[in-house]
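These values consider heavy atoms only, across backbone and side chains, with no hydrogens, waters or symmetry-generated copies. For this chain, numbers begin at 1 and follow the sequence in order.
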Amino acid sequence: MTDQGFPSAGEGDTIAAVATPPGRGGVGIVRVSGPAVPAIARAMLGHDPQPRHAAYGAFLGTGGEVLDRGIALYFPAPNSYTGEHVLELQGHGGPVVLDRLLRRALALGARPARPGEFTERAFLNGKLDLAQAEAVADLIDSASEEAARSALRALEGAFSRQIDELVERLTRLRVYVEGAIDFPEEEIDFLADDTVIQRLDALRKELDALLEEAHQGCLLREGMQVALAGPPNAGKSSLLNRLAQRDAAIVTEIPGTTRDVLREAIDLDGLPLHVSDTAGLRESGDPVERLGVQRAREEISRADHVLLVVDDTDPEKHDTLRRLLGELPQAVLPAKRTVVCNKIDLSGAPPALRAESLGGEREAVLYLSAKSGAGMELLRERLKETMGYRRSGEGRFMARRRHLDALHRARECLARGRHQLLQFGAGELLAEELRQAQQALGEITGQVHADELLGRIFSAFCIGK
């Protein structure tokens with residue numbers, strides 16, 4: 001207990017944090033959650049706050065001095081974000097002011113919140129399932145309007161409802177199968193009864209559709225890493241500027257202007273595009289340029305897609321391309337790269353995307369002009385196509401790679417169960433595969449979870465959320 005009679009941090013497990021970003025601002029928020037909130041509110045406000053009522057007043061220090069003035073909001077349990085008593089102090093957004101308010105809350109029995117602990121408590125108290133809790137962080141981190149809309153749909157339960165419906169149908173099928181195993185006098189012949197196979201196939205079809213939507217949602221969250229590579233003075237920086245629709249990179253006639261990796265975030269019809277402009281790939285005696293080339297190769301290795309840019313007016317273009325294609329990392333397969341012949345405004349070639357034989361491989365070759373913009377729409381469509389991205393209607397939701405993994409595992413379980421049934425008539429093995437599929441889906445919403453998984457998820461949140 002503290003000297004004011006409040007629960008200590010360990011005993012009361014009340015948490016507090018600044019819930020607004022670091023720095024100066026017009027408004028800053030300190031959030032407190034836990035059993036000690038009513039007593040902390042009474043001490044800091046000088047009275048018992050009215051539930052769910054915005055009240056302007058003074059925030060008091062230890063001796064009754066005014067630390068700040070602002071709006072206090074009190075949400076008694078269980079009707080709050082975390083399901084616990086919650087107090088929000090909305091004061092002035094200066095770091096010193098917010099630090100004084102936070103230290104006062106900590107002195108009254110709260111402890112500093114861990115990253116994501118408020119949302120973790122909301123999950124543990126049944127206010128959100130795990131997919132919805134992850135959508136909170138995804139909404140905050142959204143890199144495009146489409147991503148924000150999809151994250152909000154996931155937060156409102158669009159993804160979770162589909163998972164719950166699949167789990168319910170799996171449960172009913174498990175009951176049917178296990179009932180037939182436990183009560184053989186019912187004489188249900190799995191092979192003669194088409195019901196099981198029909199229901200399995202319907203579940204697999206729904207899982208396939210959900211996987212496609214989840215894949216799109218994962219693209220919206222993670223975006224696409226694109227590396228611009230090629231020899232010096234091929235127009236990589238001009239291409240970056242055209243994609244970004246602003247002068248993000250310095251463009252000169254001097255080869256080797258770009259020495260370090262320049263990154264730019266671009267919204268491509270809702271798909272977050274993370275474009276890296278790299279140093280020109282060539283041998284150089286300049287140690288700074290050599291370091292730039294080394295970093296360029298590292299960036300190329302990490303990219304989802306590589307745009308290999310060359311000057312279409314260069315008479316040695318094909319020799320340069322063959323050399324560069326031979327130097328690319330083995331992981332950069334033809335499907336993960338596009339040859340871009342730039343400067344068609346000078347060469348006179350028409351904008352086009354076609355397959356050409358280069359160095360023994362059929363390569364996607366795109367003719368465009370970064371200067372005039374001709375062929376840029378072909379490039380945008382090519383990038384979306386290589387990632388399997390499609391602009392959707394209103395039903396899309398945000399998803400993560402762990403969701404895709406769980407959905408794939410669930411689908412594999414159904415496929416194995418179907419095979420066991422048709423090949424061996426093994427109802428017991430089918431029942432086990434159905435159980436594992438149900439468990440995989442339960443991991444998405446948190447019906448099945450491990451503490452390690454929760455730790456990884458919530459540690460990526462900002463403090464105060």
Side-chain angles (χ1 to χ4, degrees), residues 219 223-245 249 251 255 258 261-262 264 266 268-269 271 273-282 293 296-297 299-390:
L219 283 176
M224 179 183 186
Q225 305 286 339
V226 178
L228 301 178
N233 224 26
K236 299 185 297 297
S237 297
S238 297
L239 185 56
L240 174 67
N241 290 346
R242 175 63 68 172
L243 282 168
Q245 298 183 334
V251 177
T258 302
V261 177
L262 177 63
E264 186 72 13
I266 298 167
L268 181 63
D269 287 343
L271 173 65
L273 208 63
H274 308 288
V275 184
S276 302
D277 182 18
T278 65
L281 300 176
R282 67 173 178 180
V293 171
R297 297 190 187 284
E299 198 72 19
I300 290 168
S301 299
R302 289 192 294 264
D304 295 315
H305 199 82
V306 176
L307 298 179
L308 197 57
V309 185
V310 293
D311 183 348
D312 198 44
T313 65
D314 182 1
E316 299 180 357
K317 177 185 70 174
H318 288 93
D319 291 338
T320 301
L321 274 174
R322 291 188 184 95
R323 174 179 64 82
L324 293 175
L325 287 168
E327 294 175 358
L328 287 177
Q330 289 186 347
V332 185
L333 301 172
K336 294 183 62 177
R337 65 196 187 213
T338 302
V339 173
V340 176
C341 295
N342 188 24
K343 305 185 183 182
I344 62 171
D345 54 306
L346 300 178
S347 69
L353 173 62
R354 54 177 179 257
E356 296 182 6
S357 293
L358 296 170
E361 295 276 4
R362 296 288 286 177
E363 302 285 344
V365 181
L366 178 58
Y367 292 82
L368 57 74
S369 169
K371 183 176 181 180
S372 70
M376 289 301 297
E377 191 55 37
L378 291 173
L379 175 59
R380 295 185 182 94
E381 291 303 317
R382 166 69 178 166
L383 290 173
K384 289 187 288 186
E385 178 188 356
T386 58
M387 289 298 286
Y389 176 77
R390 56 179 174 78

Could you tell me whether the side chain of Lys236 and the main chain of Pro231 form a donor-acceptor pair under 3.5 Å?
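It does hold such a pair.
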
Taking Leu358's backbone N and O only, do any of them form a donor-acceptor pair with Arg322's side chain (distance below 3.5 Å, no angle check)?
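It does not hold such a pair.
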
Is there a side-chain contact between [X] and [Y], using heavy atoms and a 4.5 Å cut-off?
{"X": "Leu378", "Y": "Leu368", "answer": "no"}
{"X": "Val226", "Y": "Leu307", "answer": "yes"}
{"X": "Asp277", "Y": "Glu264", "answer": "no"}
{"X": "Ser347", "Y": "Thr313", "answer": "yes"}
{"X": "Leu228", "Y": "Val275", "answer": "yes"}
{"X": "Leu243", "Y": "Leu379", "answer": "yes"}
{"X": "Asp269", "Y": "Arg380", "answer": "no"}
{"X": "Met224", "Y": "His305", "answer": "yes"}

Worked check of side chain to side chain contact (heavy atoms under 4.5 Å, CB included) between Arg337 and Leu325
CA-CA 10 Å; Arg337 65 196 187 213; Leu325 287 168; 3.7 Å; yes

From CA spacing to verdict: side chain to side chain contact (heavy atoms under 4.5 Å, CB included), Leu239, Asn342:
CA-CA 8 Å; Leu239 185 56; Asn342 188 24; 5.5 Å; no

Going from [atom1] on [X] to [atom2] on [Y], what distance comes out if it is rounded to the nearest 0.5 angstrom?
{"X": "Leu328", "Y": "Leu308", "atom1": "CG", "atom2": "CG", "answer": "6.0 Å"}
{"X": "Tyr389", "Y": "Glu381", "atom1": "OH", "atom2": "CD", "answer": "11.0 Å"}
{"X": "Ser357", "Y": "His318", "atom1": "OG", "atom2": "NE2", "answer": "10.5 Å"}
{"X": "Arg382", "Y": "Leu353", "atom1": "CZ", "atom2": "CG", "answer": "6.5 Å"}
{"X": "Leu273", "Y": "Lys384", "atom1": "CG", "atom2": "NZ", "answer": "10.5 Å"}
{"X": "Lys343", "Y": "Asp314", "atom1": "NZ", "atom2": "CG", "answer": "9.0 Å"}

I'd like to know whether CD of Glu377 has more than 12 heavy-atom contacts from other residues, nucleotides or ligands below 6.0 angstrom.
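Check passes, neighbour count above 12.
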
Is it the case that more than 12 heavy atoms not belonging to Lys317 sit under 6.0 Å from its NZ atom?
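Counting neighbours around NZ of Lys317, more than 12 heavy atoms of other residues, nucleotides or ligands fall under 6.0 Å, so yes.
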
Quick one: closest heavy-atom pair of [X] and [Y], and the distance?
{"X": "Ala349", "Y": "Asp312", "answer": "CB-OD2, 3.7 Å"}
{"X": "Pro350", "Y": "Ile344", "answer": "C-CD1, 4.0 Å"}
{"X": "Pro329", "Y": "Ser301", "answer": "CG-OG, 3.4 Å"}
{"X": "Ala303", "Y": "Lys336", "answer": "O-NZ, 3.7 Å"}
{"X": "Ala234", "Y": "Val310", "answer": "CB-CA, 3.8 Å"}
{"X": "Val365", "Y": "Cys341", "answer": "CG1-SG, 3.7 Å"}

For a side chain to side chain contact (heavy atoms under 4.5 Å, CB included) check, start with the C-alpha distance between Leu324 and Glu327, then their side-chain angles and the critical distance, and finish with the verdict.
CA-CA 5 Å; Leu324 293 175; Glu327 294 175 358; 4.1 Å; yes

For the pair Glu363 and Glu356, evaluate side chain to side chain contact (heavy atoms under 4.5 Å, CB included) and give the outcome as yes or no after the intermediate values.
CA-CA 5 Å; Glu363 302 285 344; Glu356 296 182 6; 5.8 Å; no

